[in-house]
Amino acid sequence: MSLFIYNTMTRKKEEFVPLKENQIGMYVCGVTVYDYCHVGHARAAIVFDTFYRYFQYRGYEVLFVRNFTDIDDKIINRANEQGVDWQEINRKYIDAFYEDMGRLNIAAPTEEPKATDHIPEMLEMIQSLVDQDKAYESEGDVFYSIKSFKEYGCLSGKNNDDLQSGARVEVNETKRNPLDFALWKKSKPGEPFWDSPWGPGRPGWHIECSAMSKKYLGDTFDIHGGGKDLVFPHHENEIAQSCGCTGKQPVRYWVHNGFVNIDKEKMSKSLGNFFTIREVYKKYHPEVLRLFLISSHYRSPIDFSEKNLEDATKVLSRFYEGLAGVQEKIGSLDSATIPDFSKKVKDHPLTQKFEAAMNDDLNTAVAMALMNEELRKLNTAVQIKNSDNLGKLAVAVTAWKDAGKILGIFCLTPEEFEKELFEIKNSNLGLDVEKIEKLIADRKSARQSKNWAEADRCRDDLTEMGVLIEDTPTGTEWKLK
RNA sequence: GGCGCCGUCGCCAAGUGGUAAGGCAGAGGUCUGCAAAAUCUCUAUCGGCGGUUCGAGUCCGCCCGGCGCCUCCA
């Protein structure tokens with residue numbers, strides 16, 4: 001079954017055929033490390049992590065490159081504000097990035113290049129553009145000359161005239177054309193700099209991605225990803241640079257994820273309506289955030305709200321509870337004793353439908369619907385008394401778990417999840433576990449003496465505290481609402 | 001002003017032109033001392049108006065409403 005991916009360049013879903021038969025080159029724009037990541041960054045990371053996982057599941061070797069922009073005005077400003085070295089800002093926020101993304105189960109890319117480790121590659125590219133008259137030096141800055149690239153605007157669907165008439169770019173007298181963009185910026189006194197043929201300076205933003213993608217993935221590679229907001233000018237400029245330098249189209253499939261919105265508006269620094277990932281973790285489990293972010297299609301906007309996060313918490317809790325139930329039912333059954341186990345998993349209807357959904361431009365929303373439907377079947381199977389079909393159940397739950405893992409959930413055991421969820425919820429409630437257990441014990445003895453009024457009183461007290469109880473054949477269990 | 005996207009049940013959210021997935025919430029049944037959990041059943045004609053078509057949420061036009069990019073931004 002073929003995989004179809006929406007290509008921003010052609011504005012169509014296209015059958016995905018990599019350049020090399022079994023290998024995929026994928027470059028995704030990472031973050032500028034001057035602050036904590038917010039939920040918008042989380043979405044981008046999750047979307048391309050899911051592509052990465054799914055490609056690997058399909059048997060491809062994936063060369064996945066995700067960069068860190070570690071030199072930039074904002075980094076310098078932040079360093080000045082805090083009176084520290086700019087590299088210290090980098091270190092701090094790269095560490096934070098790994099911590100935040102790690103908890104979201106974002107897999108490590110093949111390469112994570114930093115811009116400042118690739119100054120020579122960038123200089124080489126800039127030199128090539130200058131040599132070809134596609135870039136020019138002006139008072140220590142080097143600009144890319146838009147008029148040298150007649151396809152400029154092909155990705156974003158803009159034409160130069162429209163851009164110029166609506167140009168909001170800062171007027172810069174040293175540019176020949178207001179739309180020309182910086183490849184190299186002369187450093188101001190006190191700023192970090194690198195030597196170059198045009199004097200001390202630092203790279204413009206766009207050139208790092210052109211240089212690093214070329215270095216790690218070649219002149220032309222399969223996928224370039226990032227948030228929709230990077231289409232123009234960042235990716236447009238990358239095309240101009242790479243194409244200008246090598247004469248080849250650098251990217252075969254451009255993939256862009258939609259925004260995370262708050263009250264229908266884009267979450268962004270400038271609007272100040274953002275939540276950092278670590279803030280969200282105080283109230284919601286990381287896997288819940290992940291599940292929330294894959295519950296709609298990656299190209300659609302998604303509205304970040306407490307209600308939606310709470311819904312996602314309920315769904316994931318049900319998943320893990322279902323998983324626990326199935327595992328208990330299956331017991332110690334060893335799947336190795338089941339003939340053709342992996343083939344059976346592969347042929348399972350869920351696996352087939354899941355692949356069909358993912359093949360349709362990574363439709364994780366449909367995949368989630370399938371996960372819910374399968375859970376219902378699993379729960380039903382668990383309740384059936386005879387255990388003749390434990391093998392079938394093992395196949396089904398494996399198919400279910402495997403699909404979940406591609407979506408980035410089920411990275412914990414049900415017990416671990418339950419424990420972590422409790423800790424998060426309880427960190428906001430501060431309940432006394434001993435008191436809860438005392439009430440449950442009191443209720444138990446009341447029930448044993450059939451003192452239902454007293455038993456219900458205990459339960460009411462617990463309910464008021466936010467504790468839900470479930471009487472099961474093996475005893476009373478409880479959790480937080 | 002230019003380019004583009006979106007408007008599907010109370011809420012969230014899928015949907016290749018053939019008569020609307022899934023989740024949350026809600027109603028009823030099974031189970032339970034009663035609950036909870038689980039499970040079963042039920043709940044939409046797709047912003048509006050025209051058009052194309054045997055047939056449109058799904059294509060075209062117009063209108064209304066919302067959003068994004070055109071400056072750094074995932």
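By convention in this document, chain letters (A, B, ...) are assigned in the order of the sequence lines, proteins followed by strands, and residues within each chain are numbered from 1.
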Engineer: Please determine if a side-chain N or O atom of A:K264 lies less than 4.0 Å away from the OP1 or OP2 oxygen of B:rC6.
Structural biologist: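 So the side-chain polar atoms of A:K264 never come under 4.0 Å of the phosphate oxygens OP1 or OP2 of B:rC6.
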Engineer: Closest approach to the side chain of A:S296, judged atom by atom: which nucleotide of B:rG22, B:rG4, B:rA13 is it?
Structural biologist: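 In terms of side-chain proximity for A:S296, the closest of B:rG22, B:rG4, B:rA13 is B:rA13.
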Engineer: Could you give the distance separating B:rU16 and B:rG47 at their P atoms, to the nearest angstrom?
Structural biologist: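 So the two P atoms sit 15 Å from each other.
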Engineer: Judged by modelled atom types alone, do A:H297 and A:Y6 share a side-chain donor-acceptor pair under 3.5 Å?
Structural biologist: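 The criterion, which ignores hydrogens and geometry beyond distance, is not satisfied for A:Y6 and A:H297.
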Engineer: To the side chain of A:N363, which of B:rA37, B:rA14, B:rC70 is closest?
Structural biologist: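 The nucleotide sitting nearest to the side chain is B:rA14.
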Engineer: State the pairing partner of B:rU19; accept Watson-Crick or G-U wobble contacts with both distances under 3.5 Å, and report none otherwise.
Structural biologist: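 B:rU19 is unpaired by these criteria.
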Engineer: Applying the Watson-Crick and G-U wobble criteria at under 3.5 Å, what pairs with B:rC34? Answer none if nothing qualifies.
Structural biologist: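 Pair assignment: B:rC34 / none.
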Engineer: Whole angstroms only, please: what is the CG-P distance between A:L468 and B:rA36?
Structural biologist: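 Value for this atom pair: 10 Å.
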Engineer: Please name the nucleotide paired to B:rA56 by Watson-Crick or G-U wobble geometry with both distances under 3.5 Å, or report none.
Structural biologist: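 Partner of B:rA56: none found under 3.5 Å.
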Engineer: Who does B:rC72 pair with, Watson-Crick or G-U, both distances under 3.5 Å?
Structural biologist: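 Result: none.
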Engineer: Using the side-chain heavy atoms of A:F259, tell me which of these nucleotides is nearest: B:rA37, B:rA21, B:rA74.
Structural biologist: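 Selected nucleotide (nearest to the side chain): B:rA74.
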Engineer: Flag the pair A:F304 / A:L293 as yes when at least one side-chain heavy-atom distance between them is below 4.5 Å, and no otherwise.
Structural biologist: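 SC-SC contact between A:F304 and A:L293 ruled out.
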Engineer: Looking at the rings of A:F292 and A:Y284, which for Trp means the six-membered one, are their centres under 6.0 Å apart?
Structural biologist: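 Between A:F292 and A:Y284, the centre distance exceeds or equals 6.0 Å.
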Engineer: Output the rounded distance in Å from CG (A:D73) to P (B:rU71).
Structural biologist: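 Atom-to-atom, A:D73 to B:rU71, this comes out as 16 Å.
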Engineer: What about A:F149 and A:F181, are their ring centers closer than 6.0 Å?
Structural biologist: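 Centroid separation for A:F149 and A:F181: 6.0 Å or greater.
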Engineer: Do you know which two heavy atoms are closest between A:Y152 and A:A240, and how far apart they sit?
Structural biologist: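 So the two residues come closest at CD1-CB, 4.0 Å.
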Engineer: When the distance from NE2 of A:H297 to P of B:rA13 is rounded to whole Å, what number comes out?
Structural biologist: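 To the nearest whole Å, that distance equals 13 Å.
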Engineer: Any side-chain to backbone donor/acceptor pair from A:N428 onto A:I424? Under 3.5 Å, distance only.
Structural biologist: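 Answer holds: yes.
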Engineer: Work out how far the C1' atom of B:rG18 is from that of B:rU58, and round it to whole angstrom.
Structural biologist: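 The answer is 11 Å between these two C1' atoms.
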Engineer: So A:N257, base contact, sugar-phosphate only, or nothing? Heavy-atom distance under 4.0 Å.
Structural biologist: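 Here A:N257 touches the bases of the nucleic acid.
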Engineer: Could you pick out which residue, A:D263 or A:K13, lies toward the 5' side of RNA chain B when each is mapped onto its nearest nucleotide?
Structural biologist: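 Going by which nucleotide is closer to the 5' end, it is A:K13.
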Engineer: Quantified in whole Å, what is the P atom distance between nucleotide B:rG10 and nucleotide B:rC5?
Structural biologist: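 It comes out at 28 Å once rounded to the nearest Å.
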Engineer: For the C1' atoms, the ones on B:rA37 and on B:rC69, what distance do you get once it is rounded to whole angstrom?
Structural biologist: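 Comparing C1' positions in B:rA37 and B:rC69 gives a spacing of 48 Å.
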Engineer: With a 4.0 Å cut-off on heavy atoms, is A:V315 in touch with a base, just the backbone sugar-phosphate, or nothing at all?
Structural biologist: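 Touches sugar-phosphate only.
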Engineer: Keeping A:E191 on the side-chain end and A:I76 on the backbone end, is there a donor-acceptor pair under 3.5 Å?
Structural biologist: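 No, A:E191 side chain to A:I76 backbone: no donor-acceptor pair under 3.5 Å.
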Engineer: Without decimals, in angstroms, what is the distance between A:I384 CD1 and B:rC40 P?
Structural biologist: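 Computing the A:I384:CD1 to B:rC40:P distance gives 11 Å.
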Engineer: Just the table, please: protein N/O against nucleotides 31-33 of chain B N/O, every pair under 3.5 Å.
Structural biologist:
{"from": "B:rG33", "atom 1": "N7", "to": "A:R447", "atom 2": "NH2", "distance (Å)": "3.4"}
{"from": "B:rG33", "atom 1": "O6", "to": "A:R447", "atom 2": "NE", "distance (Å)": "3.2"}
{"from": "B:rG33", "atom 1": "N1", "to": "A:D456", "atom 2": "OD1", "distance (Å)": "3.0"}
{"from": "B:rG33", "atom 1": "N2", "to": "A:D456", "atom 2": "OD1", "distance (Å)": "3.4"}
{"from": "B:rG33", "atom 1": "N2", "to": "A:D456", "atom 2": "OD2", "distance (Å)": "2.8"}

Engineer: Taking atom types as modelled, is there a side-chain donor on A:R58 or A:N359 under 3.5 Å from an acceptor on the other?
Structural biologist: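 Yes, side-chain donor-acceptor contact under 3.5 Å.
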Engineer: Report which part of the nucleic acid A:H38 touches: base, sugar-phosphate, or nothing (heavy-atom distance under 4.0 Å, all strands).
Structural biologist: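 Contact class for A:H38: base.
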Engineer: Could you work out which one of B:rG15, B:rC24, B:rG22 sits closest to the side chain of A:R376?
Structural biologist: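 Nearest to the side-chain atoms of A:R376, counting from C-beta on, is B:rG22.
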Engineer: Categorize A:G258 for me: base, sugar-phosphate, or nothing, with a 4.0 angstrom heavy-atom threshold over every strand shown.
Structural biologist: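 Base contact - A:G258 has a heavy atom under 4.0 Å of at least one base atom.
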Engineer: Rounding to the closest angstrom, what is the interatomic distance between B:rC11 and B:rC64 at atom P?
Structural biologist: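 One P to the other, the span is 24 Å.
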Engineer: Please name the nucleotide paired to B:rA25 by Watson-Crick or G-U wobble geometry with both distances under 3.5 Å, or report none.
Structural biologist: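 Partner of B:rA25: none.
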Engineer: Using a 4.0 Å heavy-atom cut-off across all strands, classify A:M267 as base, sugar-phosphate, or nothing.
Structural biologist: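 Base contact - A:M267 has a heavy atom under 4.0 Å of at least one base atom.
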Engineer: Using atom C1' of each nucleotide, how far apart are B:rU8 and B:rU43 to the nearest Å?
Structural biologist: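 15 Å, rounded to whole Å.
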Engineer: Rounded to the nearest Å, what distance is computed from the CG atom of residue A:D311 to the P atom of nucleotide B:rG26?
Structural biologist: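 Rounded to the whole Å, the gap is 12 Å.
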Engineer: Looking only at the side chains, is there a donor atom on one of A:Y27 and A:E238 sitting less than 3.5 Å from an acceptor on the other?
Structural biologist: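 No pair is found: no donor N or O on one side chain lies under 3.5 Å from an acceptor on the other.
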Engineer: Taking atom P in both B:rG7 and B:rA25, what distance in whole Å separates the two?
Structural biologist: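 So the two P atoms sit 25 Å from each other.
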Engineer: Does the structure show a Watson-Crick or G-U wobble partner for B:rC5, both distances under 3.5 Å? Name it, or say none.
Structural biologist: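 Base-paired to B:rG66.
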Engineer: Paired with B:rA44 by Watson-Crick or G-U wobble geometry, both distances under 3.5 Å: which nucleotide is it?
Structural biologist: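 Across all strands, not a single nucleotide pairs with B:rA44.
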Engineer: What is the separation between atom CG on A:L309 and atom C1' on B:rG23, rounded to the nearest whole Å?
Structural biologist: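 My rounded result for the distance is 14 Å.
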Engineer: Is it possible for you to check whether A:R103 lies under 6.0 Å from the centre of the six-membered ring of A:Y281, through NZ or CZ, and within 45° of that ring's axis?
Structural biologist: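 Pair A:R103/A:Y281 counts as cation-pi.
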Engineer: Using a strict threshold of under 4.0 Å (side-chain N to carboxylate O), is an ion pair present between A:E81 and A:R78?
Structural biologist: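 A salt bridge links A:R78 with A:E81.
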Engineer: Which is true for A:E373 with a 4.0 Å heavy-atom rule: it touches a base, it touches only sugar-phosphate, or it touches nothing?
Structural biologist: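 Sugar-phosphate, no base atom in range.
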Engineer: Which listed nucleotide (B:rG68, B:rC12, B:rG23) is nearest to the side chain of A:N308?
Structural biologist: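 Looking only at heavy atoms from C-beta outward on A:N308, the closest nucleotide is B:rC12.
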Engineer: Nearest-Å distance, CG (A:N261) to C1' (B:rC5)?
Structural biologist: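 Atom CG in A:N261 sits about 12 Å away from atom C1' in B:rC5.
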Engineer: Tell me the interatomic distance from A:L104, atom CG, to B:rA74, atom C1', rounded to whole angstroms.
Structural biologist: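 From A:L104 CG to B:rA74 C1': 13 Å.
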Engineer: Pick base, sugar-phosphate or nothing for A:K228, based on heavy-atom distances below 4.0 Å to the nucleic acid.
Structural biologist: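 Counting heavy atoms under 4.0 Å across all strands, no contact is made by A:K228.
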Engineer: Under 4.0 Å between any heavy atoms, over every strand shown, what does A:D229 touch: base, sugar-phosphate, or nothing? Just pick one.
Structural biologist: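 It contacts base atoms.
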Engineer: Give me the distance, rounded to whole Å, that separates B:rC9 from B:rG23 when you measure between the C1' atoms they each carry.
Structural biologist: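 13 Å, rounded to whole Å.
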Engineer: Of the options B:rG4, B:rC11, B:rA14, whose atoms approach the side-chain atoms of A:K307 most closely?
Structural biologist: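 Nearest to the side chain of A:K307 among the choices is B:rC11.
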Engineer: So, is A:S300 near the phosphate of B:rA14, with a side-chain N or O under 4.0 Å from OP1 or OP2?
Structural biologist: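 It does, given that an N or O in the side chain of A:S300 lies less than 4.0 Å from OP1 or OP2 of B:rA14.
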Engineer: Do any side-chain nitrogens or oxygens of A:K158 fall under 4.0 Å of OP1 or OP2 in B:rG4?
Structural biologist: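 It does not, given that no N or O in the side chain of A:K158 lies less than 4.0 Å from OP1 or OP2 of B:rG4.
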Engineer: Quick check on the 6.0 Å ring-centre criterion: do A:F417 and A:F319 meet it?
Structural biologist: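 Ring-ring flag for A:F417/A:F319: false, centres at least 6.0 Å apart.
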Engineer: In Watson-Crick or G-U wobble terms, both distances under 3.5 Å, what is the partner of B:rC49?
Structural biologist: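 Answer to the pairing question: B:rG61, which forms a Watson-Crick or G-U pair with B:rC49.
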Engineer: Measuring to OP1 and OP2 of B:rG2, would you say a side-chain N or O of A:N159 lies under 4.0 angstrom away?
Structural biologist: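 No, outside the criterion.
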Engineer: Base, sugar-phosphate or nothing for A:V260? Non-hydrogen atoms, less than 4.0 Å.
Structural biologist: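 Base contact.
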Engineer: Please classify the nucleic acid contact of A:G226 as base, sugar-phosphate, or nothing, using heavy-atom distances under 4.0 Å.
Structural biologist: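 Counting heavy atoms under 4.0 Å across all strands, the contact made by A:G226 is with sugar-phosphate only.
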